[in-house]
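Contents: one structure, followed by commentary.
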Amino acid sequence: MIERSFFERDPLTCARELIGCELVWLGCAGVIVETEAYSAVDDEASHIFMRPSIRKFAEIHDPGTAYVYLNYGVHWLLNVLVKGGREDGFVLFRALEPTKGIEKMMERRGVTKIAHLCSGPGKLTQALGVDGRDNLRDLCVGGRRGFRQLATEPGRAAEVVADLRVGITRSAHHPWRFLARDSSFVSVGHGKVRASGKRSG
DNA sequence: ACACGGATACTA
DNA sequence: AGTATCCGTGTC
């Protein structure tokens, strides 16, 4: 399991370094191929910046705590709290390359194409069975839900590229989305996001 | 291109 | 109270 000190850093560093790690959720798992960083500093898109209740959340909980909320009244989105001193924030998980429990994910998602199982923040939570009950869960204890660093040969670690974040209007210019280069399991391909937050093409 | 849909923050 | 907004997905 990735230890708590990993999350005691700024959101951009955490979001970037989580690419290539494995997200484990009970019997299911996948390699993280897409994340976004949301910061308490200079980021109007961040809940921690905009919402007093979420700022309080960050104050009273440990780094490594899950933040799960309902978006657009439809989809649960999974974040992890990080606390890098002045720069606290969240990392949003946007896409996984499924590795374990694929049958179960297909069952929950109702689709059979592996590339469609976890290629979006709402799809990912549906595939893993994440919902509001997982809010506040400590992801740094036990082996049932959390993160694993995959053994990679030197020089073979996942190549990470940065891009604009998806679907936001405020602070849309920050290149705070991170992707595993050339992964076919991401939600939207690299370079396909415009500053407006809408997709191009 | 558009429907679906609930929580939050803001205005009164 | 009502309104605007929001880190999306599936189907048209």
Side-chain angles (χ1 to χ4, degrees), chain A residues 7 10-12 14-16 18-19 23 30 32-61 65-82 87-96 98 105-136 139 161-179 184-201:
Chain A
F7 302 101
D10 68 279
L12 272 72
C14 291
R16 175 180 284 275
L18 280 165
I19 297 295
L23 175 59
I32 298 165
V33 296
E34 181 178 348
T35 60
E36 285 178 358
Y38 289 86
S39 176
V41 179
D42 188 29
D43 186 7
E44 294 182 47
S46 173
H47 287 183
I48 198 174
F49 186 95
M50 295 300 290
R51 302 185 180 182
S53 61
I54 305 307
R55 184 171 290 275
K56 185 69 177 176
F57 177 109
E59 284 174 15
I60 66 180
H61 296 295
T65 300
Y67 170 42
V68 181
Y69 72 95
L70 192 61
N71 186 243
Y72 293 107
V74 184
H75 309 287
W76 294 104
L77 269 57
L78 173 64
N79 304 254
V80 64
L81 174 63
V82 305
E87 196 171 349
D88 297 348
F90 292 97
V91 176
L92 169 68
F93 298 97
R94 290 193 51 91
L96 306 176
M105 293 195 212
M106 289 178 173
E107 180 185 321
R108 293 198 184 103
R109 289 274 299 119
V111 300
T112 53
K113 289 180 75 78
I114 294 180
H116 294 174
L117 284 181
C118 299
S119 56
K123 297 178 186 179
L124 172 164
T125 56
Q126 185 183 26
L128 296 178
V130 174
D131 62 27
R133 292 170 298 182
D134 295 307
N135 191 37
L136 296 178
L139 300 180
V161 294
D163 200 355
L164 298 177
R165 293 178 294 183
V166 178
I168 60 173
T169 53
R170 297 165 181 268
S171 297
H173 60 286
H174 290 313
W176 290 356
R177 176 186 182 221
F178 299 97
L179 305 125
S184 54
F185 296 91
V186 300
S187 62
V188 189
H190 178 230
K192 301 284 177 61
V193 180
R194 296 184 306 186
S196 68
K198 302 300 181 188
R199 295 168 190 185
S200 70

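The basis for the numbers below is simple: all heavy atoms, side chains too, and nothing from hydrogens, waters or symmetry mates. Each chain gets a letter, A, B and so on, in the order the sequences are listed, and its residues count up from 1.
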Might you work through the side-chain contact (heavy atoms from CB on, under 4.5 Å) test for L81(A) and F90(A), ending with a clear yes or no?
CA-CA 5 Å; L81(A) 174 63; F90(A) 292 97; 3.8 Å; yes

Taking the side chain as everything from C-beta on, heavy atoms only, tell me whether H75(A) gets closer than 4.5 Å to T125(A).
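When only atoms from C-beta onward are counted, T125(A) and H75(A) do not touch, as no gap falls below 4.5 Å.
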
Less than 4.5 Å apart, any side-chain heavy atom of E34(A) and any of V188(A)?
no

Between G122(A) and R170(A), which residue's closest nucleotide on DNA chain C lies nearer the 5′ terminus?
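Nearest-nucleotide comparison on DNA chain C picks R170(A).
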
When the distance from [atom1] of [X] to [atom2] of [N] is rounded to whole Å, what number comes out?
| X | N | atom1 | atom2 | value |
| --- | --- | --- | --- | --- |
| H75(A) | dT5(C) | NE2 | P | 20 Å |
| F90(A) | dC7(C) | CZ | C1' | 12 Å |
| F49(A) | dC7(C) | CZ | P | 14 Å |
| Y67(A) | dC7(C) | OH | P | 10 Å |
| D131(A) | dG8(C) | CG | C1' | 17 Å |

Select base, sugar-phosphate, or nothing to describe what R177(A) touches, counting heavy atoms under 4.0 Å on all strands.
nothing

For the rings on H47(A) and Y69(A), is their centre-to-centre separation under 6.0 Å?
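Ring centres of Y69(A) and H47(A) closer than 6.0 Å.
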
Criterion side-chain hydrogen bond (donor to acceptor under 3.5 Å, both in side chains) against S187(A), the qualifying member of K123(A), K192(A), R94(A)
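With S187(A) as partner, K123(A), K192(A), R94(A) yield a single side-chain hydrogen bond (donor to acceptor under 3.5 Å, both in side chains), made by R94(A).
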
OP1 or OP2 of dG8(C) sitting under 4.0 Å from any side-chain N/O of R165(A)?
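R165(A) to dG8(C) OP1/OP2: no side-chain N or O under 4.0 Å.
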
Does the side chain of T169(A) get closer than 4.0 angstrom to OP1 or OP2 of dC6(C) through an N or O atom?
yes

Mind running side-chain contact (heavy atoms from CB on, under 4.5 Å) on F49(A) and S171(A) for me, showing each step along the way?
CA-CA 11 Å; F49(A) 186 95; S171(A) 297; over 6 Å; no

Nucleotide nearest L92(A) (side chain, heavy atoms from C-beta), chosen from dC7(C), dT9(C), dG10(C)
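The answer is dC7(C), which lies nearest to the side chain.
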
For DNA chain C, which consecutive runs of 3 or more Watson-Crick or G-U pairs (each distance under 3.5 Å) count as stems?
B:1-4 with C:8-11, B:6-11 with C:1-6

Treating primed atoms plus P, OP1 and OP2 as sugar-phosphate and everything else as base, which nucleotides of nucleotides 5-12 of chain B get B, S or - for protein heavy atoms under 4.0 Å?
BB-SS---

Assess R165(A) against Y38(A): is NZ or CZ under 6.0 Å from the centre of the six-membered ring, and within 45 degrees of the ring's axis?
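Because its charged atom sits under 6.0 Å from the ring centre and within 45° of the axis, R165(A) does stack over Y38(A).
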
Less than 3.5 Å apart, any donor N or O on the side chain of Q126(A) or R108(A) sitting next to an acceptor on the other?
no

Where D42(A) and W176(A) come nearest, the two heavy atoms and their spacing:
O-CH2, 3.9 Å

Rounded distance in Å between the P positions of dC12(C) and dG5(B):
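It works out to 15 Å between them.
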
